[in-house]
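Have a look at the structure below, then the notes.
Chain A is the first sequence line, chain B the second, and so forth, proteins listed ahead of strands; every chain is numbered from 1. Note that the coordinates shown come from a computational prediction; the quantities given were computed from them, not determined experimentally.
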There are 2 protein chains.
Amino acid sequence: MAHTMREVARRAGVSLATVSRVLNNNEYISEETRRRVLDAVREFNYFKNVHAKRLATGRSDLFGLVISEIANPYFPEIIRGYQAMAWNRGFDVLLCNTEYDLERTKAVMRKLRESDVRGVAIVTSSVDKSMTSELTAAGIPVVLCNAEPAGKLVGNICIEYEHGINKAIQHVVELGHRRSAVIAGPADNRTAVTIRKALVSGLTARGLKPVCVLEGNYRVDAGASAVREVLSYPELPTVVFCGNDLIAMGAMSALEESGVRVPEDVSVIGIDDIFFAFLARPPLTTISVPREQLGVKAFEALDKMLNLKRHKGSNYILETDLVVRKSTASVRRLSLKVNS
Amino acid sequence: MAHTMREVARRAGVSLATVSRVLNNNEYISEETRRRVLDAVREFNYFKNVHAKRLATGRSDLFGLVISEIANPYFPEIIRGYQAMAWNRGFDVLLCNTEYDLERTKAVMRKLRESDVRGVAIVTSSVDKSMTSELTAAGIPVVLCNAEPAGKLVGNICIEYEHGINKAIQHVVELGHRRSAVIAGPADNRTAVTIRKALVSGLTARGLKPVCVLEGNYRVDAGASAVREVLSYPELPTVVFCGNDLIAMGAMSALEESGVRVPEDVSVIGIDDIFFAFLARPPLTTISVPREQLGVKAFEALDKMLNLKRHKGSNYILETDLVVRKSTASVRRLSLKVNS
DNA sequence: CCCGATTTTGGAACCGGTTTCATATAATCC
DNA sequence: GGATTATATGAAACCGGTTCCAAAATCGGG
């Protein structure tokens, strides 16, 4: 079927080793020989077998990337940044989704380990030390996102939410808001908890102590059902901070369905600035997270650990910022009371 | 570093071949031996090296999936369906994006070929025969989407747009629309052209011959700029059909920005039913394409070709349907004239 | 013209598994 | 009880490359 290097060698009238040298751009090859080999390669339309190569060299040209779910709009840009970096350097990326499932996550780690990947970036939050240790023990560097201070061979990309959150709070203060609510992400998600705390303490500090702090998953329906709960309260908040844009969009939908207008009656703020945030009606004011950069930095961190043999693990910090669109507006004099 | 099978064999006091047999669930292994081997495996926390395995078996547990761009919301569900099928059967998927770039596409094909993938599904439309032939020539089955009748080792998943389109046209006819416009996808895209033609002929047949047929890319901005052009016409259409949901969402944005209300003044219909379609304001009426099924069927087609040694290439047809939401409404008596 | 240094090439071991073939042991049958 | 068959294991070849080591060819200097 496919030709092997030996056949190419025979055809070119040289040895196996020589063909290998030519194909690896090794020096110490005469022009004449190189030409002959390359001719034979062309003639046979020869491709190297990556598996043989990987076996022989003892390493793959693969980097792993672990995400939760491909359909979640949070991840595409991360994948993009990571993949672009890898591709530019001649590497491939093995994309793995955990589907939010622990067993599946374990299977993924095993797969990654078996595949001899050079390094792994994990941008899901539900990965604990016991899972990464399997990789690091095999000498495979790992980089996490918003994780606790790292150990050997594990880097960390930390997203600094404070800045964006503070600007957002400043923003709503200037708009005259006094009553806020928070719809946070899942309580078992480290990042979600960090954000919730920053939000609550920041709001409280500025005199906008939230009238309620709800928790749920990171999906649209969570935003909708949280809003329905908020609507049952005697006094409506004038601004609701959401743990991510999906929640925010769900919240806006539910709000509108109940006849509450955004932003006239209540303002809504999301986090992430996913692609669809600007397409929402109204376009969503949100705290942007540099996700493509996250992918890029994750790769760089791995690269650094690989090259410098720095076992300390390298860390990066990424800044967030506020993107003001149309889902926030100055508070109306007369506050609305829906259910009375 | 990592342990090898030989070490496990030595530890368990058996031969290399025996360990291999145990690990491959081979019959003809005594319970006693199996236990000893598995103990050793556990003790060493041993993993098989996939590259060695692939080299030895001459095939990889990989299936390729070629998409245009990871950030395009059209693809996630396809990936999902495909990957789920693969995982269930113990296979991995190598995800490749062409980034709409020809060189890149070629590189991807080469990579897939080198990787000894079992089969490849290509759901981008800009792949011609010369590219797939490199794969099929190597005995790797390929499945395309909406392609021309296939050759050897190439299957085809055909999306039947007619049904959805006809229902959509029926829908707008019932709503009393008489003037339509269509904003199609790129002219060099086979699927986009098919859709455009079906749309135009269907509309014409029902007496709604489009006042204009615009073409552009498949992105949001194309919808927006097309709408701006439409708005410069003396008479506004009352309904605009878009080549995909992204275009439709861009169209709705631009419409709204110009003070034209959707659906009161003009109705908008998309195609695909991407995740965000129902979150658009107003929620988008669209023709749903069973994308997860597309992924599933693509894998099945490959599987069939692989198992049955059917060189004919297997084909599937997928149906589309209309999803009515809020971006379409009955036409108003008095037609609006914006620029006069 | 000979010798050591340098450039070029081939031979062979090796990477870590799978698999064929042969052998040894146990079970079955007449 | 010996032949026959099923079960269990090992030895070794093989997959298709990379790379170390040694040998051959080329070259410059004395």
If I take atom [atom1] in residue [X] and atom [atom2] in nucleotide [N], what distance separates them, rounded to the nearest angstrom?
| X | N | atom1 | atom2 | value |
| --- | --- | --- | --- | --- |
| A:Arg34 | C:dT7 | CZ | C1' | 13 Å |
| A:Arg21 | C:dG11 | CZ | C1' | 10 Å |
| B:Leu55 | C:dT18 | CG | P | 11 Å |
| B:Tyr28 | C:dA24 | OH | C1' | 15 Å |
| B:Arg59 | C:dT18 | CZ | P | 11 Å |
| B:Arg10 | C:dG17 | CZ | P | 13 Å |

(request) Name the residue closer to the 5' end of DNA chain D, choosing between B:Ala52 and B:Glu31 according to the nucleotide with the nearest heavy atom. (result) B:Glu31

Mind checking [X] for me? I need base, sugar-phosphate or nothing, with any heavy atom below 4.0 Å counting as a touch.
| X | result |
| --- | --- |
| A:Ser30 | sugar-phosphate |
| B:Ser20 | base |
| A:Val50 | nothing |
| B:Arg6 | base |

(message) Below 30° counts as parallel, above 60° as perpendicular, anything between as tilted: where do the rings of B:Phe91 and B:Phe299 land?
(response) tilted

[X] atom [atom1], neighbour heavy-atom count above 12 within 6.0 Å:
| X | atom1 | result |
| --- | --- | --- |
| B:Arg219 | CZ | no |
| A:Arg11 | CZ | no |
| A:Arg89 | CZ | yes |

(request) Let me know which of A:Leu38, A:Leu23, A:Val37 forms a side chain to side chain contact (heavy atoms under 4.5 Å, CB included) with A:Tyr46. (result) A:Leu23

(request) Please figure out whether A:Thr33 or A:Leu16 has its closest DNA chain C nucleotide nearer the 5' end. (result) A:Thr33

(request) Take B:His51 and B:Ala17, find for each the nucleotide of DNA chain C with the closest heavy atom, and name the residue whose nucleotide sits nearer the 5' end. (result) B:His51

(request) Please confirm whether the backbone N or O of B:Val117 pairs with a side-chain atom of B:Ser115, one donor and one acceptor, at under 3.5 Å? (result) no

(request) Compute whether any side-chain donor of one residue and acceptor of the other, for B:Lys53 and B:Asn24, lie under 3.5 angstrom apart. (result) no

(request) Shoot me the first and last contacting nucleotide of DNA chain D against chain A, ordered 5' to 3', at under 4.0 angstrom to non-hydrogen atoms. (result) D:dG16 to D:dC21

